[in-house]
Amino acid sequence: MKDTIKNIYEWIRRNDRYLSAGALLSGFIVDTLTLRRVDLPLENIIMLTYFSVVSIGIIVLHIYDTRKLQSVTVHRVVSLIPLVIQFAFGALFSGFTVFYFRSGSLATSWPLIAVLVGLLIANEMLRRHYARLVLQVSILFTALFFFLIFFIPVLLGKMGPWIFLLSGISALALVSFFIAILAYFVPRHVSQSRNFLLYSIGTVFIGINILYFTNIIPPIPLSLKEAGVYQRLIKTGRGYIGFHETPSRWSWIDLFENVNLVEGQALYVYSSVFAPTDIDVEVVHHWKHFDEEASRWRSINKIPYTIVGGNDRGYRGYSMKQNLMPGNWEVAVETLRGQVIGRILFEISYVDDQPHLLEYEL
């Protein structure tokens, strides 16, 4: 048994860098392919398991540092714990990146996605520093906060600023409980780091609150499943049928989708927004027109409707407008607070004859 542990230890030590990078990449790929819905029990059980691995790993590391656990075998096993902690943190942050990327518009939420990707990369670069208590606990608190931002709404079936604040308070309570457990086992380590822990955790708490109240954090657990602009829209027993003109060969590279209308014709914007089971919330189609003279977007109208959670394909709805000005348009799918779930960009041109329309089942 000891020889087996020794051989495994030596092999991992020799290939540490490659194993670390491979674990990071494979974890991200697996999360992208397997994580489906933030309200599914299995997804949350997996994340809670990662939190348990990280918490136990940190406690064991610091007990070992007090020299209460000493032997060659224990040394070899404990020396692998930073790699395990790094893998668990990498899996958590890759999961958050997947969930938050699906939930928001990249144009609005890219700073948050950049933060999450940065944490993912930093997790790889800082693997040698996981013996440092302040870094460990700070990253743990960050992960807890990002997890509870979507777990608490799923748990309570509600969303909004007060639910977000409850998520932050819950994260503070949990990390305080964890620090208390650490203080029981390694009181000297915690006492020496207390001021740095308060400063670091406070900075993370304020930073995430700033991201939320400036609408940079997307409205997770909501996510845009599908959206489009159509010249005609018909409601059927199974959903909707949309009618849109034949796209050009190069339409996939256009930032603004070309829409040709005849005078007086209405235009429909369709969206399918996913919400977890038991969450019913109002969303808004925010119509904006680009003012060429002022070189800025002007808000034209906000059309709200209520979505009902639990449908895997999302809750389908639409808004309609007539007598639209030609030029560039944007319809943002938002929450009532203005958090952007997604955007539809299109350019309106007026023509004399109705173009040929294709039929799409939505």
Side-chain angles (χ1 to χ4, degrees), residues 1-24 26-27 44-96 119-120 122-148 170-198 200-201 204:
M1 180 65 178
K2 289 184 178 180
D3 289 339
T4 303
I5 293 175
K6 179 181 178 181
N7 292 336
I8 294 173
Y9 166 74
E10 291 296 334
W11 183 81
I12 292 177
R13 187 178 61 81
R14 289 195 305 271
N15 298 279
D16 172 69
R17 181 177 298 275
Y18 305 106
L19 287 171
S20 178
L24 198 67
S26 61
N44 288 299
I45 289 171
I46 290 172
M47 290 200 166
L48 289 170
T49 301
Y50 287 139
F51 278 116
S52 299
V53 168
V54 167
S55 302
I56 293 170
I58 292 173
I59 291 170
V60 172
L61 269 182
H62 288 280
I63 292 176
Y64 176 76
D65 283 347
T66 64
R67 303 188 181 277
K68 293 178 181 178
L69 301 172
Q70 291 297 319
S71 75
V72 174
T73 302
V74 169
H75 170 72
R76 287 171 178 165
V77 172
V78 170
S79 64
L80 302 179
I81 289 179
L83 185 64
V84 174
I85 293 175
Q86 185 222 0
F87 171 79
F89 271 137
L92 282 169
F93 283 112
S94 65
F96 298 155
L119 285 167
L120 200 60
N123 180 60
E124 159 67 11
M125 297 175 65
L126 295 173
R127 65 184 184 277
R128 298 295 183 187
H129 300 281
Y130 274 131
R132 297 180 182 177
L133 181 64
V134 174
L135 180 64
Q136 292 169 342
V137 176
S138 298
I139 295 179
L140 176 61
F141 174 69
T142 304
L144 273 171
F145 204 159
F146 279 124
F147 173 70
L148 292 173
S170 300
L172 286 173
L174 286 172
V175 82
S176 299
F177 179 68
F178 175 74
I179 292 171
I181 294 174
L182 266 178
Y184 175 80
F185 289 106
V186 286
R188 185 178 175 186
H189 287 203
V190 174
S191 178
Q192 290 174 340
S193 305
R194 191 174 301 278
N195 290 337
F196 291 105
L197 282 171
L198 289 172
S200 180
I201 291 172
V204 172

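Computation of the quantities below employed the complete heavy-atom set of this structure, encompassing side-chain atoms and omitting hydrogens, waters and symmetry-equivalent molecules.
Note that CG of N44 and OG1 of T49 are 10.5 Å apart. Values are rounded to the nearest 0.5 Å. Within the model, atoms CG of N195 and OG of S200 stand 12.5 Å from one another, a figure rounded to the nearest 0.5 Å. Interatomic distance, CG of L182 versus CD1 of I63, reported as 8.5 Å (0.5 Å rounding). Here the CG atom belonging to L61 is positioned 10.5 Å from the NE2 atom belonging to H189, to the nearest 0.5 angstrom. To the nearest 0.5 Å, atoms CG (L174) and OG (S55) are separated by 9.5 Å.
Residues satisfying the side chain to side chain contact (heavy atoms under 4.5 Å, CB included) criterion with L48, sequence neighbours excluded, are F147. For the ring-ring contact (aromatic ring centres under 6.0 Å, His included) test, no residue two or more places apart in sequence or in another chain qualifies with F178. Every residue two or more places apart in sequence or in another chain was checked for a side chain to side chain donor-acceptor pair (under 3.5 Å) with S193, and none qualifies. Residues meeting the side chain to side chain contact (heavy atoms under 4.5 Å, CB included) test with I201, sequence neighbours left out: V137, F141, L172, V175, I179. Partners of S170 according to the side chain to side chain donor-acceptor pair (under 3.5 Å) rule, which considers only residues two or more places apart in sequence or in another chain, do not exist here.
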Is there a side chain to side chain contact (heavy atoms under 4.5 Å, CB included) between V54 and I139? Walk through the geometry before answering. CA-CA 10 Å; V54 167; I139 295 179; over 6 Å; no
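The two atoms that bring L197 and V134 nearest to each other are CD2-CA, 3.8 Å, heavy atoms only. The shortest heavy-atom contact between V186 and H62 is CG1-O, 3.2 Å.
Using bins of under 30°, 30° to 60° and over 60° for the plane-to-plane angle, the ring pair F51/F96 lands in the tilted bin.
Contact of the L133 side chain with the F196 side chain is not registered, since no non-hydrogen atoms from C-beta on lie closer than 4.5 Å.
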